[in-house]
Asker: 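Got a structure here, written out as structure tokens. Questions coming.
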Amino acid sequence: MAEAADSLPPAEVLLSKRVQELVINQEELPHLYICRKSGEAADEEQEENVSSDPLSQIPVIDLSILSASSSPSSEHDGELQKLRLALSSWGCFLATGHGIPSSFLDEIVRVGREFFEQPMEEKRKLEKGVEEFEGYGGDPVPAKGQPLDWSDRLFLDVYPEDRRKLKFWPENPPSFRDVLQEYTVKMRVMTEAISKAMAKSLDLQEDCFLIQFGEKAPLQARFNYYSKCPRPDLVLGLKPHADGSGYTIILQDVEGLQVLKGDKWFTVPTISGALLVLMADQMEIMTNGVFKSPVHRVLSSSERDRISLAVFYTPEPNKEIGPEEALMTKERPKAYKTVKDYADVHWDYYQQGSRAIHVAKV
């Protein structure tokens with residue numbers, strides 16, 4: 001049951017506590033987490049907006065076909081075509097054949113889960129301030145009237161190494177730092193392969209996106225923990241949004257993430273060993289709108305908790321990015337301006353509960 005409106009704690013107070021604490025202490029559901037309608041009409045509306053079409057699935061792309069020089073040209077070209085179609089219609093795909101063993105992905109989930117399962121006093125050693133971004137806690141306070149997300153997270157700069165603030169890197173579990181370091185190396189390899197494949201799928205020079213991102217394009221890791229929620233009909237794990245990075249690579253242990261296509265939400269399945277590659281606003285800008293940056297959200301659940309790890313790949317700070325020249329034609333004129341540090345602008349709009357992509361449009 002939600003609290004009476006006249007006794008609501010402000011967002012700052014709620015964000016100084018963890019969602020995990022609310023659940024462990026069996027506290028009443030604070031009103032500021034409620035973002036969905038309740039009642040029978042709301043149930044019908046929410047069900048209507050979720051796709052149950054078994055034939056409409058998020059595309060699966062085998063990166064090993066795209067990166068192997070020995071792949072038959074017909075198979076290689078077919079997979080490139082699938083990639084282009086996936087990103088221009090869905091804005092995302094499930095990547096297999098990326099070279100990261102399933103056992104290592106399981107290890108990443110394991111150390112993430114072990115971190116969040118520690119006592120609160122251990123996790124609070126890495127706690128960030130309410131208005132700060134990096135470290136353990138919740139996102140900074142959103143604009144007035146915006147709901148809070150039913151999640152706790154650990155947000156870390158992982159590349160370049162001189163951006164790391166090791167005071168926020170857990171020492172427990174003992175293997176956490178080494179596992180995250182190894183995952184970062186693998187993410188750098190994977191972002192290079194994906195960036196080249198995307199360029200080739202658009203008949204562009206294969207390094208063009210890598211050049212726009214820059215040699216020291218940051219990678220940021222966000223471990224999310226979604227506690228069981230007493231009212232999943234009223235509360236979201238993460239509110240609907242599009243990302244402000246270039247693109248995002250997501251590992252999840254159970255379902256919960258949904259992507260919006262048209263006016264329907266599609267649940268991202270958990271396929272063993274697969275990683276979701278999700279376009280963000282800056283990739284939509286670089287492709288002059290050919291690739292889409294999809295809105296997505298995370299549902300809450302009363303039956304199980306959930307862990308995910310999102311790695312954001314973003315152009316270097318102070319680096320201008322814009323539509324690739326070859327993608328601006330008479331049929332598709334320039335749709336986006338050149339922008340710099342777009343992620344900062346995106347964050348301001350995100351806190352207001354709205355998208356920022358319009359600020360980059362011509």
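Please read these numbers as outputs of a predicted model, since none were measured by experiment.
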Asker: For the residue pair R297 and C35, establish whether any side-chain heavy-atom pair is separated by less than 4.5 Å.
Answerer: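 A side-chain contact under 4.5 Å is absent here.
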Asker: Do the side chains of E127 and R124 get close enough for a salt bridge, i.e. N-O under 4.0 angstrom?
Answerer: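 A salt bridge links E127 with R124.
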Asker: Which heavy atom in Q212 sits nearest to a heavy atom in E320, and how many Å separate them?
Answerer: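 Closest approach of Q212 to E320: OE1-O, 4.4 Å.
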Asker: Between D233 and R36, does at least one N-O distance fall below 4.0 Å, as a salt bridge requires?
Answerer: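 The answer is no: the pair does not qualify as a salt bridge.
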Asker: To the nearest 0.5 Å, what is the distance between CD1 (I34) and CG (L148)?
Answerer: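 Atom-to-atom, I34:CD1 and L148:CG are 11.0 Å apart.
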Asker: Count the heavy atoms belonging to other residues, nucleotides or ligands that lie under 6.0 Å from CD of Q181, then report whether that count exceeds 12.
Answerer: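 Yes - once you tally the heavy atoms of other residues, nucleotides and ligands closer than 6.0 Å, there are more than 12.
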Asker: Please tell me whether L105 and V189 are part of a single hydrophobic cluster in this structure, the criterion being side-chain heavy atoms less than 4.5 Å apart.
Answerer: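 In one cluster: no.
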Asker: Holding to ring pair (Phe, Tyr, Trp, His ring centres under 6.0 Å), I want the full list of residues that pass it with H346, two or more places apart in sequence or in another chain.
Answerer: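 Applying ring pair (Phe, Tyr, Trp, His ring centres under 6.0 Å) to H346 gives none.
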Asker: Could you pull out the closest heavy-atom pair between P294 and G91, with the gap in Å?
Answerer: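 Scanning both residues completely, I find the closest heavy atoms to be CD-O, 3.5 Å.
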Asker: Got a sec, which residues hit ring pair (Phe, Tyr, Trp, His ring centres under 6.0 Å) with F93, two or more places apart in sequence or on another chain?
Answerer: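 So F93 forms no ring pair (Phe, Tyr, Trp, His ring centres under 6.0 Å) with any residue.
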Asker: Could you tell me whether the side chain of R84 and the main chain of L202 form a donor-acceptor pair under 3.5 Å?
Answerer: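 No, R84 side chain to L202 backbone: no donor-acceptor pair under 3.5 Å.
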Asker: Between K261 and S89, is any pair of side-chain heavy atoms under 4.5 Å apart?
Answerer: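 They are in side-chain contact.
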Asker: Decide side-chain contact (heavy atoms from CB on, under 4.5 Å) for E107 and E182; before the verdict, give the C-alpha distance in whole Å, the side-chain angles of both, and the deciding distance to 0.1 Å.
Answerer: CA-CA 11 Å; E107 179 75 355; E182 189 177 343; over 6 Å; no
Asker: Show which residues join L94 in its hydrophobic cluster (side-chain heavy-atom contacts under 4.5 Å, direct or indirect), or state none.
Answerer: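 Besides L94, the cluster holds I58, V60, W90, F133, F155, Y226, L238, I250, L257, V259, F266, V268, I271, L276, L278, V298, F312, W347, Y350.
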Asker: Can you tell me how far apart OG (S245) and OH (Y342) are? Round to the nearest 0.5 Å.
Answerer: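 One gets 10.0 Å once the value is rounded to the nearest 0.5 Å.
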Asker: Could you go through Y136 and D152, starting from their C-alpha distance and side-chain angles, then the distance that decides it, and tell me whether this counts as side chain to side chain donor-acceptor pair (under 3.5 Å)?
Answerer: CA-CA 8 Å; Y136 167 68; D152 299 315; 4.7 Å; no
Asker: Under 3.5 Å, is there a donor-acceptor pair between the side chain of E79 and the main chain of D62?
Answerer: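 Pair found, side chain donor or acceptor close to backbone of D62.
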Asker: Out of curiosity, does M328 fall in the hydrophobic cluster containing I285 (side-chain heavy atoms, cut-off under 4.5 Å, transitive links)?
Answerer: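 They do not share one cluster, since no chain of ILVMFWY contacts under 4.5 Å joins I285 to M328.
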Asker: Given side-chain contact (heavy atoms from CB on, under 4.5 Å), test Y33 with C229 step by step and report yes or no.
Answerer: CA-CA 11 Å; Y33 285 98; C229 179; over 6 Å; no
Asker: Using the rule that two of Ile, Leu, Val, Met, Phe, Trp, Tyr join whenever any of their side-chain heavy atoms come within less than 4.5 Å, decide whether V254 and V23 are in one cluster.
Answerer: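 Different clusters.
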Asker: Short question: side chain of E284, backbone of M279 - any donor-acceptor pair under 3.5 Å?
Answerer: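 No, E284 side chain to M279 backbone: no donor-acceptor pair under 3.5 Å.
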Asker: Report the hydrophobic cluster partners of L299, with the cluster defined as I, L, V, M, F, W, Y residues connected by side-chain heavy atoms closer than 4.5 angstrom, directly or transitively.
Answerer: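 Listed partners: L236.
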Asker: Do V50 and L260 belong together in a cluster built from hydrophobic side chains that touch within less than 4.5 Å?
Answerer: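 Per the 4.5 Å side-chain linkage, V50 and L260 are co-clustered.
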Asker: Hey, is K125 close enough to E171 for a salt bridge, meaning N to O under 4.0 Å?
Answerer: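 Result for this pair is no, no salt bridge flagged.
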Asker: Go through the structure and list residues passing side-chain contact (heavy atoms from CB on, under 4.5 Å) with K200, not counting sequence neighbours.
Answerer: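 If we apply the side-chain contact (heavy atoms from CB on, under 4.5 Å) test to K200, skipping adjacent residues, the hits are H76, L80, E206.
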Asker: Treating E21 as the side-chain partner and R18 as the backbone partner, does any N or O pair qualify as donor plus acceptor under 3.5 Å?
Answerer: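 Checking the backbone N and O of R18 against the side chain of E21, a donor-acceptor pair under 3.5 Å is found.
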Asker: Could you work out, with side-chain contact (heavy atoms from CB on, under 4.5 Å) as the rule, every residue matching C208, not counting sequence neighbours?
Answerer: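 A199, L204, Q205, E324.
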Asker: Are any side-chain N or O atoms of H296 and backbone N or O atoms of H241, one a donor and one an acceptor, separated by less than 3.5 Å?
Answerer: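 Yes; judged by distance alone, with no hydrogens or angles, the pair exists.
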Asker: Does the side chain of Q351 come within less than 4.5 Å of P140's, by heavy atoms?
Answerer: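 When only atoms from C-beta onward are counted, Q351 and P140 do touch, with a gap below 4.5 Å.
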Asker: Could you check if a side-chain atom of M286 sits within less than 4.5 angstrom of a side-chain atom of F213, using non-hydrogen atoms only?
Answerer: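 Yes, close enough: below the 4.5 Å cut-off.
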Asker: First locate atom CD1 of I100, then atom CD1 of I249, and finally report the distance between them rounded to the nearest 0.5 Å.
Answerer: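 With rounding to 0.5 Å, CD1 (I100) is 7.5 Å from CD1 (I249).
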Asker: For residues 341-358, which residue pairs pass the salt bridge (Lys or Arg N to Asp or Glu O under 4.0 Å) check, not counting sequence neighbours?
Answerer: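 For residues 341-358, and leaving out neighbouring residues, the salt bridge (Lys or Arg N to Asp or Glu O under 4.0 Å) pairs sorted by first residue read D281-R355.
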Asker: Among I194, T191, T248, which residue meets the side chain to side chain contact (heavy atoms under 4.5 Å, CB included) test with V277?
Answerer: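 Result: among I194, T191, T248, I194 is the only option passing the side chain to side chain contact (heavy atoms under 4.5 Å, CB included) with V277.
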Asker: Do any pairs count as a ring pair (Phe, Tyr, Trp, His ring centres under 6.0 Å) and have a residue in residues 167-203, sequence neighbours left out, and if so which ones?
Answerer: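 Output for this query lists F176-F223.
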Asker: Would you say that I321 contacts V339 through its side chain, given a criterion of any heavy-atom pair below 4.5 Å between the two side chains?
Answerer: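 They are in side-chain contact.
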Asker: By ring pair (Phe, Tyr, Trp, His ring centres under 6.0 Å), which residues pair with Y336, not counting sequence neighbours?
Answerer: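 If we apply the ring pair (Phe, Tyr, Trp, His ring centres under 6.0 Å) test to Y336, skipping adjacent residues, there are no hits.
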Asker: Do the non-hydrogen side-chain atoms of S301 and W150 ever get within less than 4.5 Å of each other?
Answerer: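 Counting from C-beta outward, S301 and W150 never come under 4.5 Å.
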Asker: Can you name the closest pair of heavy atoms from F209 and S195 and give their distance?
Answerer: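 So the two residues come closest at CD1-O, 3.6 Å.
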Asker: Please say which of K239, R153, K128 ends up in a salt bridge (charged side-chain N to carboxylate O under 4.0 Å, His left out) with D139.
Answerer: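 Single pass found, and it is R153.
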Asker: Indicate yes or no for a side-chain donor-acceptor contact from N288 to the backbone of P323 under 3.5 Å, with no hydrogens or angles considered.
Answerer: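 No; judged by distance alone, with no hydrogens or angles, the pair does not exist.
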Asker: Has the side chain of R177 got a donor or acceptor atom that lies under 3.5 Å from a matching backbone atom of L166?
Answerer: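 Pair found, side chain donor or acceptor close to backbone of L166.
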Asker: Under a 4.5 Å cut-off applied to non-hydrogen side-chain atoms, are R110 and S175 in contact?
Answerer: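 They are in side-chain contact.
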Asker: Can you list the residues that meet the side-chain contact (heavy atoms from CB on, under 4.5 Å) rule with E117, with sequence neighbours excluded?
Answerer: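 Checked E117 against side-chain contact (heavy atoms from CB on, under 4.5 Å); matches are R113.
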Asker: Any sub-3.5 Å donor-acceptor pair from Q118's side-chain atoms to F115's backbone N or O?
Answerer: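 Side chain of Q118 to backbone of F115: a pair is present.
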Asker: Classify the side-chain pair Q20/K123 by whether it contains a donor and acceptor separated by less than 3.5 Å.
Answerer: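 Per modelled atom types, Q20 and K123 side chains form a pair under 3.5 Å.
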Asker: Which residues pass the side-chain contact (heavy atoms from CB on, under 4.5 Å) test with E255, sequence neighbours left out?
Answerer: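 With sequence neighbours excluded, E255 shows a side-chain contact (heavy atoms from CB on, under 4.5 Å) to T267, P269, T270, R304, given in chain and number order.
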Asker: Please test L327 against R332 for side-chain contact (heavy atoms from CB on, under 4.5 Å), starting from the C-alpha separation and ending with a verdict.
Answerer: CA-CA 7 Å; L327 297 178; R332 184 186 280 274; 5.6 Å; no
Asker: Hey, any chance M283 and V359 share a hydrophobic cluster, counting ILVMFWY side chains that come within less than 4.5 Å of each other, even indirectly?
Answerer: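 M283 clusters together with V359.
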Asker: Go through the steps for F116 and S227 under the test side-chain contact (heavy atoms from CB on, under 4.5 Å), then give the verdict.
Answerer: CA-CA 10 Å; F116 285 108; S227 298; over 6 Å; no
Asker: For P147 and P142, which heavy atoms make the closest approach, and how far apart are they?
Answerer: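 For P147 and P142, the tightest heavy-atom pair comes out as O-CG, 4.3 Å.
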Asker: Does the side chain of T184 come within less than 4.5 Å of R164's, by heavy atoms?
Answerer: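 Counting from C-beta outward, R164 and T184 do come under 4.5 Å.
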Asker: Rounded to the nearest 0.5 Å, what's the gap from CE on M187 to OH on Y159? Could you check?
Answerer: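 These two atoms lie 14.5 Å from each other.
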Asker: Using 0.5 Å steps for rounding, measure from the CD atom of E134 to the CG atom of D157.
Answerer: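 Between E134 CD and D157 CG, I get 4.0 Å after rounding to 0.5 Å.
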Asker: Could you work out, with salt bridge (charged side-chain N to carboxylate O under 4.0 Å, His left out) as the rule, every residue matching R188, not counting sequence neighbours?
Answerer: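 Listed in chain order: nothing, the list is empty.
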